[in-house]
Amino acid sequence: MSSRPSSGPRTPAQPRGDDARSVAVLREMRWWDIAPVLELERELFPEDAWSPGMFWSELAHARGPSATRRYLVAEQERRLVGYGGLAAVDGTGDIQTIATARDQWGSGLGARLLTELLGAATDFECHEVLLEVRVDNLRAQRLYERFGFEPIGFRRGYYQPGNVDALVMRRTTQTSSEAPSVQGT
C-alpha cells in the first residue's frame with residue numbers, strides 16, 4: 001500500500017434540520033480511548049464484546065508508515081458515543097467493528113463513521129470492503145445496503161457464545177461522488 005490514512009482530527013459536518021444535539025467529533029482512536037470504548041462495547045455487545053487485548057492489537061497496527069488499520073472514535077461533549085475500525089490487507093478492507101451509543105441511533109453517526117472508514121479504505125487503495133453483521137441486526141444491514149454493500153454469504157455460529165450467524169457483505173470501491181448522502185440516517 002503506497003498511501004497511508006490521515007491521522008488528524010476530522011471536522012464534523014453540521015447537523016441538518018432542527019437537530020438541537022451537539023454534533024459528535026470524529027478523531028483517531030488512541031490507547032487512552034480503550035477503556036471508554038470497552039464500556040460502550042460491553043453495553044452494546046454483552047455476549048460477544050471484544051477484549052482489551054483485541055483493541056490493543058488493532059491499535060498496534062494503526063500508526064506509522066506500514067499501518068494497516070484505521071480506528072476512530074466519536075466524542076460528544078467529552079463523552080465517547082461511537083467508534084469504528086477498518087483493517088486493510090492486499091487491496092481488501094474489512095470493517096472490523098462499528099458501534100454507536102443507543103442515544104445516537106438515528107442521528108446519522110453510524111453513517112458518518114462508516115463514511116470515514118470507507119474513506120480510509122480508499123486511502124489504503126482497497127478495491128473492495130468486507131464486513132460481517134449479525135443476521136438479527138436489520139438496522140445495521142439497512143445502513144450497509146445504503147452504502148452499496150451486498151450480501152455474499154453467511155458464517156454459521158460466528159458470534160459466540162450466542163452461536164448467532166453472521167451475514168457477510170461486500171462493497172466494491174466507488175468514487176466519492178457515488179457515496180450516499182448521510183442526511184436523515
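The basis for the numbers below is simple: all heavy atoms, side chains too, and nothing from hydrogens, waters or symmetry mates. One is the number of the first residue; the rest follow in order along the sequence.
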> Under the side chain to side chain contact (heavy atoms under 4.5 Å, CB included) criterion, do Leu86 and Arg69 qualify, and how do the steps go?
Replying inline: CA-CA 6 Å; Leu86 171 99; Arg69 306 291 194 273; over 6 Å; no

Nearest 0.5 Å, please: how far is [atom2] in [Y] from [atom1] in [X]?
X: Glu58; Y: Met29; atom1: CD; atom2: CE; answer: 9.5 Å
X: Thr97; Y: Leu131; atom1: OG1; atom2: CG; answer: 11.0 Å
X: Leu114; Y: Leu72; atom1: CG; atom2: CG; answer: 10.5 Å
X: Ile152; Y: Arg170; atom1: CD1; atom2: CZ; answer: 4.5 Å
X: Phe149; Y: Leu167; atom1: CZ; atom2: CG; answer: 11.5 Å
X: Met54; Y: Ile34; atom1: CE; atom2: CD1; answer: 12.0 Å

Close side-chain approach of [X] and [Y], heavy atoms under 4.5 Å:
X: Arg79; Y: Asp103; result: yes
X: Tyr71; Y: Arg30; result: no
X: Leu44; Y: Arg102; result: yes
X: Thr100; Y: Val81; result: no
X: Met169; Y: Glu150; result: no
X: Leu38; Y: Pro52; result: yes

Has the side chain of [X] got a donor or acceptor atom that lies under 3.5 Å from a matching backbone atom of [Y]?
X: His61; Y: Ala67; answer: no
X: Glu125; Y: Thr122; answer: no
X: Asp165; Y: Gly157; answer: yes
X: Trp31; Y: Trp56; answer: no
X: Thr115; Y: Ala111; answer: yes

>> Checking Thr92 now: which residues fulfil side chain to side chain donor-acceptor pair (under 3.5 Å) with it, not counting sequence neighbours?
In response: Glu128

Does one hydrophobic cluster hold both [X] and [Y], with members joined at side-chain heavy-atom distances below 4.5 Å?
X: Tyr158; Y: Ile95; answer: yes
X: Trp50; Y: Val37; answer: yes
X: Leu80; Y: Phe45; answer: yes
X: Leu130; Y: Phe147; answer: no

Contact summary for [X] and [Y], nearest pair of heavy atoms:
X: Gly162; Y: Glu47; answer: CA-OE1, 3.5 Å
X: Val129; Y: Ala121; answer: CG2-CB, 3.6 Å
X: Glu77; Y: Ser22; answer: OE2-OG, 3.0 Å
X: Glu132; Y: Ala166; answer: CB-CB, 4.0 Å
X: Leu26; Y: Ala74; answer: CD2-CB, 3.5 Å

> Under the salt bridge (Lys or Arg N to Asp or Glu O under 4.0 Å) criterion, do Glu28 and Arg70 qualify, and how do the steps go?
Replying inline: CA-CA 8 Å; Glu28 176 185 18; Arg70 174 80 169 134; 5.1 Å; no

> Are Val73 and Arg27 close enough, and set up right, to give a side chain to side chain contact (heavy atoms under 4.5 Å, CB included), and what steps lead you there?
Replying inline: CA-CA 6 Å; Val73 293; Arg27 65 170 174 78; 3.6 Å; yes

Pair up each side-chain donor or acceptor in residues 137-145 with any protein partner under 3.5 Å, not counting sequence neighbours, and list the distances.
from	atom 1	to	atom 2	distance (Å)
Asn137	OD1	Ala140	N	3.1
Gln141	NE2	Arg134	O	3.0
Gln141	NE2	Val135	O	3.1

>> Below 30° counts as parallel, above 60° as perpendicular, anything between as tilted: where do the rings of Tyr83 and Phe55 land?
In response: perpendicular

